[in-house]
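Structure first, then comments.
Just so you know, these numbers use all the heavy atoms, side chains as well, and skip hydrogens, waters and symmetry mates.
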There are 2 protein chains.
Amino acid sequence: MTGKPLASVWLREPRKATSPGRSREEIVSAAIQLLDEEGHSGLSMRKLGAKLSAGATSLYWYVANKDELLELAYDEVWGEMPVPDPGQVGWRASASAMARGMRQVILRHPWSADLIGRMPALGPQALGVTDKMRKTFKAAGFRGLEIDYANSTLTAFVFGMTIPEIAWDAATNTPDYDAEEMRASVVRAAAQFPDLLESVNLDTYDDPQAMREMCFDFGLASVLDGLERRLVT
Amino acid sequence: MTGKPLASVWLREPRKATSPGRSREEIVSAAIQLLDEEGHSGLSMRKLGAKLSAGATSLYWYVANKDELLELAYDEVWGEMPVPDPGQVGWRASASAMARGMRQVILRHPWSADLIGRMPALGPQALGVTDKMRKTFKAAGFRGLEIDYANSTLTAFVFGMTIPEIAWDAATNTPDYDAEEMRASVVRAAAQFPDLLESVNLDTYDDPQAMREMCFDFGLASVLDGLERRLVT
DNA sequence: ACCTGAACACCGTTCAAGT
DNA sequence: ACCTGAACACCGTTCAAGT
């Protein structure tokens, strides 16, 4: 009856919010700041303590451990996802906007990508977003489990497109990065694959950003078309 | 001319393989074994050294640092991805098989999911798989950049579906996990979202595995339909 | 109720020294 | 050419002790 079901902040009774001293919100938002600035390596309990001019171990009164802190930060990211009302714009426009918005939010908080594979999104913000997304697919005409399938499909596309982007950004945003040198290296690495080389040479490396946008748009249109087709049949 | 273009094993000249002493392959495969058994926390340079009955720091002669070791291990995972010949089975069957295969490979090596957002897949195995996947989309009729867009779209779907699965597995595979307790907790957490609750109650929690497969199939069919539509127009 | 510092058991990595 | 151990600068977390 009282075995802990899953190690997650969200599945335990919340500690009641008393006012004095530090607050959980303050700690979480300081953590997010560190993560945004320097990524995961920028957040340690000691650094976070220092930023709040507290001992590192004081934080353990507010938060069970670092993972729990990350769960809280992760949910804040979910809170930034825009969720338009499908009644206003139609389900396709609504779904597109959500997809683009989710991508932007993740790109703004690259550290959150690491968490997608680490902890289920069970916080109130995440649930709220999911609830709203389901409404869009309901409005589209999906019923029963297909509401969730459609939602998962769109979300999977966005995650799967965005997560590798972050890997590239991380590798590319180093001080002494040189694009030309990079392209040459990739060509050398891909030397045994003539077909692949062809794509590397499609001078798309000149503006990787534009390439990404086109790729995302192409994929998004495909996914939405595929979902739409599921409605008709 | 000689600024390092990107911190990656693959973009440097390989150290020539001399025979005596330990080998890189041996080290990488031992690392993969540790990762498969215990996840990322199971792999430390010290533990890996011990497993090979060597000092932890001996490994640094074969590998520049831990990240590089992970790059090597990651590429081995890519090597496990099945890539059928589209000439034999048609592009849609080929793409389906690749998608399902990729998912299984990632699920077999859950630690690899973490790496997708951390390092670009530039190893020889990854490039080989990409090359083969491009052939499938070429066979389908895609041309130019659309070959890559289609490929990215399918890959994104697979990654995006599979990565959160791993988060659930990790949270769920703890010793004292109780499914009923879990469902009850989620219901409590989702209490404010009546629509969402409806889906939680769709007694799909009884067999989450079956639910996942159906979800994946639904999404895969959608993505392939969407891609196919891009060909016709 | 809240905060502290000391202490424990770890990390990755460097480097001078060995063979 | 290969391997070593000592050492450095970190980690997350526990816990007895303080206020």
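Rounding to whole angstrom units, NE2 of residue B:H40 and C1' of C:dC10 are separated by 18 Å. Remark: P of C:dC2 and CG of A:L52 are 16 Å apart, rounded to the nearest angstrom. When rounded to the nearest whole Å, the span between CH2 of A:W61 and P of D:dC15 equals 18 Å. The CG-C1' distance, from A:L48 to D:dT13, rounds to 15 Å in whole Å. Here C:dC2 presents its C1' atom at 9 Å from CZ of A:R22, a figure rounded to the nearest Å. Look at CG on B:N65: it is 16 Å from C1' on C:dC15, rounded to the nearest Å. At whole-Å resolution of the value, CE in B:M45 and P in C:dA9 are 23 Å apart. Regarding A:Y60, its OH atom lies at a distance of 14 Å from the P atom of C:dT4, rounded to whole Å.
Here the side chain of A:Y62 is nearest to one of C:dC3, C:dT13, D:dT13, namely C:dC3. The side chain of A:K66 has D:dG12 as its nearest neighbour among D:dG12, C:dG12, C:dA1. With C:dA6, C:dC3, D:dC2 as the candidates, the nucleotide lying closest to the side chain of A:T57 is C:dA6.
A residue-by-residue look at B:L59 and A:D67 shows that B:L59 has its nearest nucleotide of DNA chain D further toward the 5' end.
By the 30° and 60° cut-offs, the orientation of the rings of A:F216 relative to A:F157 is tilted. Note: A:F218 and B:Y149 have tilted aromatic rings, judged against thresholds of 30 and 60 degrees for the angle between ring planes.
Taken from CG in A:L107 to CD in A:Q104, the straight-line distance is 5.5 Å, to the nearest 0.5 Å.
Side-chain atoms of A:W10 and A:L127, non-hydrogen and from C-beta on, never get closer than 4.5 Å to each other. For the pair A:R100/A:L220, a side-chain contact is recorded, criterion being any heavy-atom separation below 4.5 Å from C-beta on.
A:L43 comes within contact range of the sugar-phosphate backbone alone, with a heavy-atom separation under 4.0 Å but no base atom that close. Using a 4.0 Å heavy-atom cutoff across all strands shown, B:A54 reaches sugar-phosphate atoms only and no base atom. Within the nucleic acid shown, A:S58 comes within 4.0 Å of at least one base atom, counting heavy atoms only.
Ion pairing of A:D169 with A:R212 is present here, as a side-chain N (NZ or NE/NH1/NH2) and a carboxylate O approach within less than 4.0 Å. Checked for salt-bridge contact, B:K132 and A:D195 miss the test: no charged N lies under 4.0 Å from a carboxylate O.
Heavy-atom minimum distance, A:E71 versus A:S8: OE2-OG, 2.7 Å.
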Exercise for the section: State the dot-bracket string of DNA chain C. Criteria: Watson-Crick or G-U wobble, both atom distances under 3.5 angstrom; notation: ( ) intrastrand, [ ] crossing earlier pairs, | interstrand, . unpaired. Expected result: ||.|||||...|||||.||

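Between A:R46 and D:dC10 there is no side-chain polar atom (N or O) within less than 4.0 angstrom of OP1 or OP2. The phosphate of D:dC10 (OP1 or OP2) has no side-chain N or O of A:K47 nearer than 4.0 angstrom.
Using atom C1' as the reference point in both C:dA16 and D:dC2, the two lie 15 Å apart (nearest Å).
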